[in-house]
**Q** 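Starting off with a structure, shown below.
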Amino acid sequence: MTEPLRIAVIGATGATGRHVVTQAQSRGHHVRAVDTAFPDETALPRDVERVEADVLGDDLGPALDGYDVVVSAIGIALSARNAIAPPPLYRDGTRRILHAMRSNGQTRLVVISASFVAARNRGPHWFRIASGLALGRIFAQMAEMEALLRGSTEIDWTAVRPGWLMDGTLTTDYVVTPEAIRPDLIRTRHADLAHFILHCAETGEWSRDTPAIARPEPRSASSLDTALRDAVAG
């Protein structure tokens, strides 16, 4: 068992953030969940500390102060509006997180990026076209976020690059590769992504690097029908 850490999770109520919080607590870490609001009291373990803070509008210093690792699990919901003009969560949000960490003297940061920042030629042909149209501006903003991290010489950062995210139970048999997911893979489970984020937080591996994570899934998991169902559910 690794030495317990104090981990602040920004975007704690999101699809991946919830897994990071729950898994971190189960591993004996002290977790502070940070998000704009906590409307669903059952989304996180009852005894997890909650702090409300807007990554684009509030002073994040108090919310993060005193923690060994900051995890940014912020994300942008897919919608027609966000595809055209996504809010600057990755770029400006990360800039504000870095400012707060510098002010607090904190150094370790793990963020979620995307494999598609490095390589768009993954997955079925229809997916490449659709994701480029719907998520192109978001991927570009993630690239700006990564550029900010590379310019932050005093921050010990890791930008984890998952593939096409999906629900599913934790497996831990995911595949990690430098820069981009393997060409024969496309999907990444939120639970597995959270597990790898915590591995990076605990071990310091992949410091100042961009590891990619995915795993083999049934063909049906990357079908057009599945994508349409996910879009409707979202």
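Just so you know, these numbers use all the heavy atoms, side chains as well, and skip hydrogens, waters and symmetry mates.
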**Q** Using the rule that two of Ile, Leu, Val, Met, Phe, Trp, Tyr join whenever any of their side-chain heavy atoms come within less than 4.5 Å, decide whether Val31 and Leu170 are in one cluster.
**A** no

**Q** Between Val20 and Tyr67, is there a shared hydrophobic cluster once you connect ILVMFWY residues whose side-chain heavy atoms come closer than 4.5 Å?
**A** no

**Q** Might you work through the side chain to side chain contact (heavy atoms under 4.5 Å, CB included) test for Phe116 and Ser131, ending with a clear yes or no?
**A** CA-CA 9 Å; Phe116 311 107; Ser131 63; 5.6 Å; no

**Q** For side chain to side chain contact (heavy atoms under 4.5 Å, CB included), just list the numbers for Glu144 and Leu148, CA-CA rounded to whole Å, side-chain angles, deciding distance to a tenth of an Å, and then say yes or no.
**A** CA-CA 6 Å; Glu144 292 182 82; Leu148 282 172; 5.9 Å; no

**Q** For a side chain to side chain donor-acceptor pair (under 3.5 Å) check, start with the C-alpha distance between Gln106 and Asp65, then their side-chain angles and the critical distance, and finish with the verdict.
**A** CA-CA 8 Å; Gln106 297 165 290; Asp65 194 22; 5.5 Å; no

**Q** Counting only heavy atoms not in Asp167, do more than 12 fall under 6.0 Å of its CG?
**A** no

**Q** Please give me the minimum heavy-atom distance between Glu179 and Ala118, naming the atom from each residue.
**A** O-CB, 3.7 Å

**Q** For the backbone of Leu60 and the side chain of Asp58, can you confirm whether one donor and one acceptor N or O come within less than 3.5 Å of each other?
**A** no

**Q** Angle between ring planes, Trp206 versus Phe196, binned at 30° and 60°: parallel, tilted or perpendicular?
**A** perpendicular

**Q** Checking side chain to side chain donor-acceptor pair (under 3.5 Å) between His29 and each of Glu202, Gln23, Arg6, Glu3, which is the one that passes?
**A** Glu202

**Q** Show the nearest heavy-atom pair for residues Ala73 and Gly17, with the distance to one decimal.
**A** CB-CA, 3.8 Å

**Q** Judged by atom type as modelled, is there a donor-acceptor pair below 3.5 Å linking the side chain of Asn104 to the main-chain atoms of Gly61?
**A** yes

**Q** If I take atom CD1 from residue Ile186 and atom CZ from residue Arg219, how far apart are they, to the nearest 0.5 angstrom?
**A** 13.5 Å

**Q** Do Met101 and Val70 pass the side chain to side chain contact (heavy atoms under 4.5 Å, CB included) test, and can you show the C-alpha distance, the side-chain angles, and the key distance before you say yes or no?
**A** CA-CA 9 Å; Met101 290 180 66; Val70 176; 4.0 Å; yes

**Q** Could you check whether Phe139 and Tyr90 have their ring centres less than 6.0 Å apart?
**A** no

**Q** Once rounded to the nearest 0.5 Å, what's the spacing between atom OG1 of Thr94 and atom CH2 of Trp157?
**A** 11.5 Å

**Q** Would you indicate whether the side-chain heavy atoms of Leu149 and Leu109 approach each other to under 4.5 Å?
**A** yes

**Q** How about Ile155 and Leu98: do any of their side-chain heavy atoms sit closer than 4.5 Å?
**A** yes

**Q** Would you check if the side chain of Arg137 reaches a backbone N or O of Ala85 as a donor-acceptor pair within less than 3.5 Å?
**A** no

**Q** So which of Ile74, Val111, Asp92, Leu89 actually passes side chain to side chain contact (heavy atoms under 4.5 Å, CB included) with Met145?
**A** Val111

**Q** Report yes if the side chains of Arg108 and Cys200 come closer than 4.5 Å at any heavy-atom pair, otherwise no.
**A** yes

**Q** Could you give me the CA-CA distance, side-chain angles and deciding distance for Asp192 and Thr171, then say whether side chain to side chain donor-acceptor pair (under 3.5 Å) is met?
**A** CA-CA 6 Å; Asp192 285 340; Thr171 71; 2.7 Å; yes

**Q** Could you report the tightest heavy-atom contact between Leu198 and Ala24, atom names first, then the distance?
**A** CD1-N, 3.5 Å

**Q** How long is the straight-line distance from CG of Asp35 back to OG1 of Thr13, given to the nearest 0.5 Å?
**A** 3.5 Å

**Q** Strictly distance-based, threshold 3.5 Å: is any side-chain N or O of Asp209 a donor or acceptor partner for the main-chain N or O of Pro211?
**A** no

**Q** Please report the closest heavy-atom contact between Ala12 and Ala33, naming both atoms and the distance.
**A** CB-CB, 3.5 Å

**Q** Are Leu44 and Arg50 side-chain neighbours, meaning at least one heavy-atom pair lies under 4.5 Å?
**A** yes

**Q** Should Glu146 and Arg91 count as an ion pair when the cut-off is N to O under 4.0 Å?
**A** no

**Q** Going by heavy atoms in the side chains, are Pro4 and His30 under 4.5 Å from each other?
**A** no

**Q** Could you pull out the closest heavy-atom pair between Ile76 and Pro87, with the gap in Å?
**A** CD1-O, 3.3 Å

**Q** After noting the C-alpha distance and the side-chain angles of Arg102 and Ser152, does the key distance pass the side chain to side chain donor-acceptor pair (under 3.5 Å) rule?
**A** CA-CA 10 Å; Arg102 292 187 189 104; Ser152 302; 2.9 Å; yes

**Q** Side chains of His19 and His190, heavy atoms from C-beta outward: is any pair under 4.5 Å?
**A** yes

**Q** Run the side chain to side chain contact (heavy atoms under 4.5 Å, CB included) check on Val71 and Ile7 step by step: do they pass?
**A** CA-CA 7 Å; Val71 172; Ile7 302 176; 3.9 Å; yes

**Q** Could you walk me through whether Ser207 and Asp156 pass side chain to side chain donor-acceptor pair (under 3.5 Å), step by step?
**A** CA-CA 6 Å; Ser207 173; Asp156 177 17; 2.3 Å; yes

**Q** Cation-pi check, Arg215 to Tyr174: give yes when NZ or CZ is under 6.0 Å from the six-membered ring centre and within 45° of the ring axis, no otherwise.
**A** no

**Q** Any salt bridge linking Arg46 with Glu41? Criterion: basic side-chain nitrogen under 4.0 Å from a carboxylate oxygen.
**A** no

**Q** Tell me whether Met142 is reachable from Phe127 by hopping between hydrophobic residues (I, L, V, M, F, W, Y) whose side-chain heavy atoms are closer than 4.5 Å.
**A** yes

**Q** Side chains of His199 and Glu205: does their closest heavy-atom pair fall under 4.5 Å?
**A** yes

**Q** Are the side chain of Arg187 and the backbone N or O of Leu165 linked by a donor-acceptor pair below 3.5 Å?
**A** yes

**Q** Does any N or O in the side chain of Arg96 come within less than 3.5 Å of the main-chain N or O of Val55, such that one atom is a donor and the other an acceptor?
**A** yes

**Q** Report yes or no: does Ser115 contribute a side-chain atom to a donor-acceptor pair with the main-chain N or O of Ile181 at less than 3.5 Å?
**A** yes

**Q** Indicate the atoms forming the closest heavy-atom contact of Ala100 with Leu64, along with that distance.
**A** CB-CD1, 4.1 Å

**Q** Is there a donor-acceptor pair closer than 3.5 Å between any side-chain N or O of Arg122 and the backbone N or O of Leu185?
**A** no

**Q** Check the hydrophobic clustering (I, L, V, M, F, W, Y; side-chain heavy atoms under 4.5 Å; chains of links allowed) and say if Ile112 and Val176 are grouped together.
**A** yes

**Q** Going through the checks in order, is the salt bridge (Lys or Arg N to Asp or Glu O under 4.0 Å) test met by Glu49 and Arg32?
**A** CA-CA 5 Å; Glu49 181 184 8; Arg32 171 176 284 178; 2.8 Å; yes

**Q** Is the shortest heavy-atom distance from the side chain of Thr22 to the side chain of Pro45 under 4.5 Å?
**A** yes

**Q** Kindly work out whether a path of hydrophobic side-chain contacts (I/L/V/M/F/W/Y, heavy atoms less than 4.5 Å apart) joins Leu193 to Val175.
**A** no

